[in-house]
Amino acid sequence: MNNLLELSEVTKSYDTGLPPAVDQVSFSCLEGQILAVIGSSGSGKTTLLRIIAGLEMPDLGRVTLKGETMNSQNECVPPESRDCSLVFQDYALFPNMTVQQNVAYGKASKNNSELIDRLFDLTKIGDLKNRYPHQISGGEQQRVALVRALATQPSLLLLDEPLSHLDPELRNNVRCELLNIFRVTNTTALFVSHDTEDALTMADQVVVMQNGKAVQIGSPIDVYSNPSNSYAAMLFGKTNLLPRELIPCAPYSFLDEDSGKELVSIRPHQWMVPTSKGNGNMPSFTGAIRSVNPKGAYQEIVMETETTLLTIHFPRVFSAAIGDPLTVVFNKDS
Amino acid sequence: MAEVLWHLGSSSDNWNHLKETVLGRYLKGSVILVFGTLSLSICVGVSTAWLVACCEFPGRRFFEWALILPLTIPTFIAAYAYFDFLDKLTPALIWVRLNISPDAMITFGDILRYAVTILVLSFVLYPYVYLMARSAFSRQGSRYLEASRTLGHGPFSTFWRVALPLARPAIVAGASLVVMETLNDYGAVQHFGVPTFTTGIFRTWTALNDMPGALRLAAFLMLFILFIILIEKLLRSGARYHGDKTTGLAFQRYSLGKIKTFAAIFCCIIPLAFGFIIPVTRLGIWAYETLENNFDKTHFIKLTLNSVGLAVAASLAVAITALFLVYVARYFKSYMVHVSNRLAILGYSVPGAVIAMGILFVSGQINDVFDFIITGSLLTLGFAYLIRFLAVAWQSIDSGMERNCEQYNEASKSLGASAFISLFKVNIPLLWNAVLVAGLLVFIDIMKELPLTLILRPFDFETLSTRTFDLAYQSQIPESSVPALCIIIAILAPVIWLNRKMESE
């Protein structure tokens, strides 16, 4: 597969006194791939998306789409001339137009009536054609925005926090729907999200943004299990950052810039109680339980050892009380 | 207003004569003037608003605030600044008489009279549309305009299909202000000799000494206004959307090519030049010459003190009344109070001449019943300002209270504080800015006001605007430039400050 999108050393600053919003970011996206840009608020992911869409001009660097340079210091292709569509975080459906008019609005949508009908069927919003955006629910608006963008048959579909306005139950359904639509329409998509679950379930490749920099690029499972720094590790939920010497058998580690130590990231579910058969050379930790918090299907236990605090996820059936002694070992296979 | 409408069917000695000779002309004149001024103001206001809000070109930031400067020039003063404009067209009129016919010259003269009046009014009234449209386009920027761009539409298509329909409620609101101001104008139409209802009311009352006839004309004008309000409500209620949300992100404006940049600068310079630079320059030159020759400094200081003192006192009274009305309506949430508030702010839609006629009639009745003369007092004039400009202060304070105080009033109530305590300890400190804005808006309007002051001022009491009018009426237009310029200078600072505040919000 060919590179559809390529970013090279892209930098953007809003205020000369402040660090850049996007700082020398480089990555590429293959045709047909789904790429997620994740990071916390203010990490620069939305600015990056707007640069790709042509809504912001980078100060430095180059954006290439289908081999054609979009942004550089000397040239800039305006957003209306780029072969990409953007689904906005708040959908930006035109309130003066019906669903049908919104979907047909795109300049390249005019001759795509068959595709539009297919997309209406696929997203199950065909009955809403004559309604105005304020007359439909948030989930329906999200689908209309998606169909509007897809109706232009863009080479690259950009999505800004596509699921952030949806409630948790709807999010799961929409994730599956989105994946299905991307697959059926053979769409190359790039989305930004602060929710790592979106990236884990939908993306082929993940770019982790921190303070404007792309600190890690890789497959979702790679980034999850082999984070490049403590920020990337904690982005995917709770984790135990332990010195390498305590878990020498851990398959991955990274150098922490703050402490200068080599750390490993052990997720709370990667612990187990020692079995009667023994646990080989797996390191074990003994301490006292400080807190027990039921979390539905499992319970979160915080255990204090002589050197550190460990967060552990055990099934609800495991009997644990505050003050009880506990020994856990690293479960390499988990 | 009820008093005025009551006279719709009253009898008058001259009414039949008025009906047969001038009523049709007043109606025709008012309709042509309103339609012409409205169309041109919308064209200028919307196009310049689009350019400064959504396009990038050299001087855009300057034009952004400079285009509101014509707002500082009262319509009658703009007319005086162009007093000789029609004279310069006399050779064309003579040519028409000699080469076509005397009747054609009369028709051509009428056309020119209307055209010049429409041009002059439009170039000082377009900022009402400009301000509303600019605000609407700016709000759309990072949301709908960007969405349109990413869907492949260029600026022209985006303007017609997205920006303009979404800005329609704001444009209608600005346009309705232009209509009200056009119908309220007396000085400019009187100067250019355009027959309208307002000039008719003055003429019937002063020249024919027929108060009932003037009241009946005022009643017809009220009907005309009610018809326009109805159209405005219909136009605004037709909008089935709310396009006010913003993302707070900077909007990448359309960059223009060389020819388009030149055209954009030209589009912005023309209204600024005709609406502000040329009139102010001419007034400045005349004022300089007047100051060198015969200028009564003591009298001028008295005039300025009268004007500013009256405007400050009245704007304070109007702002306090508006604060009280808004607070009562929002705190007690009573339907009756809400309706009475809505009725109270209708005065802004009514031309000054009509309000003046109504107040004169009511105050005359009070004089008769209580044997206490209030006609021709500053109290009556202040009350007239309150009726006319209450809406200006009310809107500003109401939106401020809606944004800042609603939830705090609930909290204050739940903590057992009385309405009085809530007003002084919660609302007034939070609304200080909104009250200041309201006061300044009313101050600007009162400084520019002419018909109300002209009719209701106490005997021998002059303000800068009445002095300007009197001098111009006596054909001493260059001499009228000093008070005229003084009005503009007094309004300039509050207008610029208010625009900055609006931009920052």
Side-chain angles (χ1 to χ4, degrees), chain A residues 12 14-15 21 46-47 49-58 71 76-98 101-110 131-135 145 147-154 156-161, chain B residues 46 53-57 133 136-172 235-258 260-261:
Chain A
K12 171 79 185 173
Y14 288 110
D15 195 328
T46 296
T47 305
L49 190 81
R50 290 170 60 82
I51 288 172
I52 298 167
L55 299 170
E56 298 277 358
M57 284 274 285
N71 298 70
C76 171
V77 178
E80 52 268 31
S81 305
R82 296 187 182 203
D83 191 9
C84 59
S85 278
L86 174 61
V87 178
F88 288 78
Q89 186 175 6
D90 57 1
Y91 317 131
L93 296 177
F94 303 121
N96 57 321
M97 298 180 195
T98 61
Q101 289 165 335
N102 260 290
V103 169
Y105 180 81
K107 210 168 184 180
S109 310
K110 281 175 191 160
R131 297 215 200 149
Y132 283 88
H134 69 269
Q135 295 171 325
V147 171
R148 183 177 72 174
L150 286 171
T152 60
Q153 283 190 298
L156 176 66
L157 180 70
L158 304 166
L159 302 102
D160 187 3
E161 302 270 7
Chain B
V46 172
C54 301
C55 301
E56 195 59 72
F57 57 93
F137 291 143
S138 300
R139 283 199 304 267
Q140 293 166 11
S142 59
R143 191 172 156 83
Y144 302 117
L145 305 189
E146 283 187 348
S148 177
R149 294 190 79 175
T150 59
L151 289 163
H153 286 269
F156 190 74
S157 164
T158 300
F159 174 77
W160 285 108
R161 294 188 61 183
V162 178
L164 199 57
L166 285 178
R168 197 186 72 183
I171 293 168
V172 171
L235 282 173
R236 289 176 78 173
S237 64
R240 282 167 289 189
Y241 43 80
H242 314 277
D244 270 2
K245 290 182 195 163
T246 58
T247 58
L249 288 165
F251 169 60
Q252 187 87 35
R253 292 185 171 82
Y254 293 105
S255 53
L256 305 175
K258 270 184 187 169
K260 284 181 180 171
T261 298

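Letters A, B, ... are given to chains in the order of the sequence lines, protein chains preceding strands, and every chain is numbered from 1. Hydrogens, waters and symmetry mates are skipped; everything else that's a heavy atom, side chains included, is used.
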Subject >> Segment of L158(A) engaging chain B (4.5 angstrom heavy-atom cut-off) >> reply: neither
Original post:
V162(B) and Y105(A): which non-hydrogen atoms are nearest, and at how many Å?
Top reply: CG2-OH, 3.2 Å
Original post:
side chain to side chain donor-acceptor pair (under 3.5 Å) with S255(B): which residues, sequence neighbours excluded?
Top reply: none
Subject >> Considering all heavy atoms, the nearest T150(B)-F88(A) contact >> reply: OG1-CE1, 3.9 Å
**OP:** State the CZ-CD distance between R50(A) and Q252(B), to the nearest 0.5 angstrom.
**Re:** 8.0 Å
**OP:** Determine the option with the most heavy-atom pairs under 4.5 angstrom with chain B, choosing from Q101(A), R148(A), R82(A).
**Re:** R148(A)
Original post:
For F94(A), is it the side chain, the backbone, both or neither that has a heavy atom under 4.5 Å from a heavy atom of chain B?
Top reply: both
Original post:
Say you draw a straight line from CE of M97(A) to CG of L166(B); how long is it, rounded to the nearest 0.5 Å?
Top reply: 7.5 Å
Subject >> Shortest non-hydrogen contact from R143(B) toward A92(A) >> reply: O-CB, 3.7 Å
Subject >> Least distance between heavy atoms, P78(A) atom then R149(B) atom >> reply: CB-NH2, 4.0 Å
Original post:
Listed by chain and number, what are the side chain to side chain donor-acceptor pair (under 3.5 Å) partners of T261(B), not counting sequence neighbours?
Top reply: none
**OP:** Measure distances from T152(A) to the heavy atoms of chain B and classify the residue's part below 4.5 Å as side chain, backbone, both or neither.
**Re:** side chain
**OP:** Check P155(B) against E80(A) and note the closest heavy-atom contact, atom names and distance.
**Re:** CD-OE2, 4.1 Å
